[in-house]
Amino acid sequence: MYKFEKFFVNSAFCNFFHKRMIFPSFFRFINKNLAGKALEIGCGIGKTTNLLAKNYSKLMITAIDYDKEQIGIAKKNKKLKNAKFQQGDATILKFKNSSFDYVIETNTFHHIKNYPKAIKEIYRVIKKNGLFYAMDISKYIFIWPLRIFFPPESYFTKKEFIRNLENNGFRIEKSKGNLLFYVAARKV
């Protein structure tokens with residue numbers, strides 16, 4: 001992530017926006033009480049992890065981010081009993097096969113240049129019948145001048161994202177939205 005984008009996503013405004021608007025909608029989309037082991041991809045400084053951990057108290061979350069600086073901040077601010085943070089690359093996950101009941105990605109895959117490789121890795125680390133919950137932004141959001149301030153590493157639509165999931169063995173349980181979209185996919 002570039003400096004301006006990192007500043008913005010870590011801002012009080014963005015935190016308020018996620019807490020009051022984005023995550024309540026994502027939680028309604030999930031529409032179940034998650035319990036077990038989860039991997040969060042792209043946790044940043046832990047604000048999204050905090051929202052997940054508070055909403056799903058019986059979920060043990062391993063939260064990763066590629067950016068060592070972000071993980072350092074997350075570890076310093078850690079106040080969660082059901083979450084741990086570590087630096088990690090979503091395209092080369094350092095977990096055993098079938099390690100997690102759930103994988104959760106929130107607005108991260110557009111930051112991953114080879115996001116299809118990350119999907120393969122998620123399929124590998126999630127248990128059979130496990131669920132992958134994704135929330136991301138369509139390529140149609142990144143119009144000029146927005147893409148100058150928030151340049152994505154990958155561009156995709158919800159339809160392209162879903163096709164990638166299906167091509168890697170996931171079955172789509174449900175999806176919602178187009179510009180900001182949600183997808184629930186099951187490993188079969």
Side-chain angles (χ1 to χ4, degrees), residues 1 5 8-9 13-44 46-59 61-65 83 90-91 93 100-112 114-123 125-127 129-143 146-147 150 152-188:
M1 243 192 296
E5 188 174 8
F8 179 77
V9 299
F13 169 78
C14 197
N15 188 44
F16 176 82
F17 188 66
H18 274 97
K19 194 183 233 179
R20 298 284 184 233
M21 298 179 79
I22 301 296
F23 269 79
S25 178
F26 188 49
F27 293 145
R28 284 190 301 277
F29 173 77
I30 292 172
N31 195 29
K32 62 174 22 179
N33 192 11
L34 305 182
K37 290 177 66 179
L39 173 64
E40 181 191 11
I41 305 282
C43 65
K47 290 182 180 184
T48 56
T49 312
N50 190 37
L51 295 171
L52 290 166
K54 286 181 178 176
N55 200 64
Y56 304 113
S57 61
K58 294 181 180 175
L59 194 64
I61 303 167
T62 300
I64 67 165
D65 199 278
T91 63
L93 294 172
F100 298 98
D101 302 295
Y102 307 98
V103 176
I104 301 167
E105 174 268 327
T106 57
N107 294 327
T108 301
F109 272 33
H110 64 272
H111 293 291
I112 301 172
N114 191 352
Y115 86 91
K117 188 174 179 187
I119 288 173
K120 287 180 194 294
E121 279 293 277
I122 288 168
Y123 189 85
V125 302
I126 202 165
K127 294 177 182 177
N129 290 316
L131 285 164
F132 173 39
Y133 290 107
M135 169 178 38
D136 220 307
I137 303 169
S138 171
K139 68 181 179 184
Y140 298 119
I141 288 284
F142 297 104
I143 58 171
L146 195 60
R147 71 174 168 252
F150 304 101
E153 295 290 322
S154 291
Y155 290 97
F156 47 80
T157 63
K158 179 177 82 170
K159 186 176 180 179
E160 292 165 341
F161 188 79
I162 285 173
R163 188 175 326 119
N164 236 301
L165 290 169
E166 291 173 332
N167 288 343
N168 283 285
F170 283 102
R171 183 182 72 228
I172 306 306
E173 298 278 304
K174 61 182 176 175
S175 69
K176 177 183 175 185
N178 286 308
L179 296 179
L180 173 68
F181 62 83
Y182 310 128
V183 177
R186 186 175 298 278
K187 178 178 179 177
V188 290

For the atom pair [atom1] ([X]) and [atom2] ([Y]), what is the distance rounded to the nearest 0.5 Å?
| X | Y | atom1 | atom2 | result |
| --- | --- | --- | --- | --- |
| Ser25 | Leu180 | OG | CG | 7.0 Å |
| Asn178 | Ile137 | CG | CD1 | 13.5 Å |
| Lys174 | Ile30 | NZ | CD1 | 8.0 Å |
| Ile104 | Leu59 | CD1 | CG | 5.5 Å |
| Tyr133 | Glu105 | OH | CD | 14.0 Å |
| Asn168 | Tyr123 | CG | OH | 9.0 Å |

message: Go through it in stages, so that I can follow the logic: the residues are Phe170 and Val183, the test is side-chain contact (heavy atoms from CB on, under 4.5 Å), and I'd like the CA-CA distance, side-chain angles, deciding distance and then a yes or no.
response: CA-CA 11 Å; Phe170 283 102; Val183 177; over 6 Å; no
message: Under the criterion side-chain contact (heavy atoms from CB on, under 4.5 Å), I'd like the reasoning laid out for Leu93 against Phe100: C-alpha separation, chi angles, the key distance, then a yes or no.
response: CA-CA 12 Å; Leu93 294 172; Phe100 298 98; over 6 Å; no
message: Has Thr106 got a side-chain atom pairing as donor or acceptor with Met135's backbone, closer than 3.5 angstrom?
response: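 A pair under 3.5 Å: no.
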field: Backbone of Phe181 reached by a side-chain donor or acceptor of Lys158 within 3.5 Å
entry: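 Not a single qualifying donor-acceptor pair exists.
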- request: Would you please name every residue forming a ring pair (Phe, Tyr, Trp, His ring centres under 6.0 Å) with Tyr102, sequence neighbours left out?
  value: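 Tyr102: no ring pair (Phe, Tyr, Trp, His ring centres under 6.0 Å) contacts found.
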message: Which heavy atom of Val103 sits nearest to which heavy atom of Ile126, and what is that distance?
response: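 It is N-CD1, 3.9 Å.
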- prompt: Taking atom types as modelled and ignoring hydrogens, do the side chains of Asn164 and Tyr115 form a donor-acceptor contact shorter than 3.5 angstrom?
  reply: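 Result is yes, a qualifying pair exists.
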message: Determine whether Ile172 and Leu165 satisfy the following criterion, side-chain contact (heavy atoms from CB on, under 4.5 Å), listing intermediate values before the conclusion.
response: CA-CA 8 Å; Ile172 306 306; Leu165 290 169; 3.9 Å; yes
task: Classify the ring geometry between Phe132 and Phe161 as parallel (under 30°), tilted (30 to 60°) or perpendicular (over 60°).
output: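 Judged by the thresholds at 30° and 60°, the geometry between Phe132 and Phe161 is tilted.
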task: Measure up the Phe29 and Phe26 rings against each other and bin them: parallel (under 30°), tilted (30 to 60°), perpendicular (over 60°).
output: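 Parallel.
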field: Atom NZ of Lys120: over 12 foreign heavy atoms under 6.0 Å
entry: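 Counting other residues, nucleotides and ligands, NZ of Lys120 stays at 12 neighbours or fewer.
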- prompt: Do the side chains of Ile112 and Glu153 get nearer than 4.5 Å, heavy atoms only?
  reply: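 No - every pair of side-chain heavy atoms lies 4.5 Å or more apart.
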- request: Take Arg163 and Asn167, measure what side-chain contact (heavy atoms from CB on, under 4.5 Å) needs, and give me the verdict at the end.
  value: CA-CA 6 Å; Arg163 188 175 326 119; Asn167 288 343; 3.7 Å; yes
Review item, side-chain donor-acceptor pairs of residues 31-42, under 3.5 Å, at least two apart:
from  : atom 1 : to    : atom 2 : distance (Å)
Glu40 : OE1    : Thr49 : OG1    : 2.4
Glu40 : OE2    : Thr48 : OG1    : 2.5

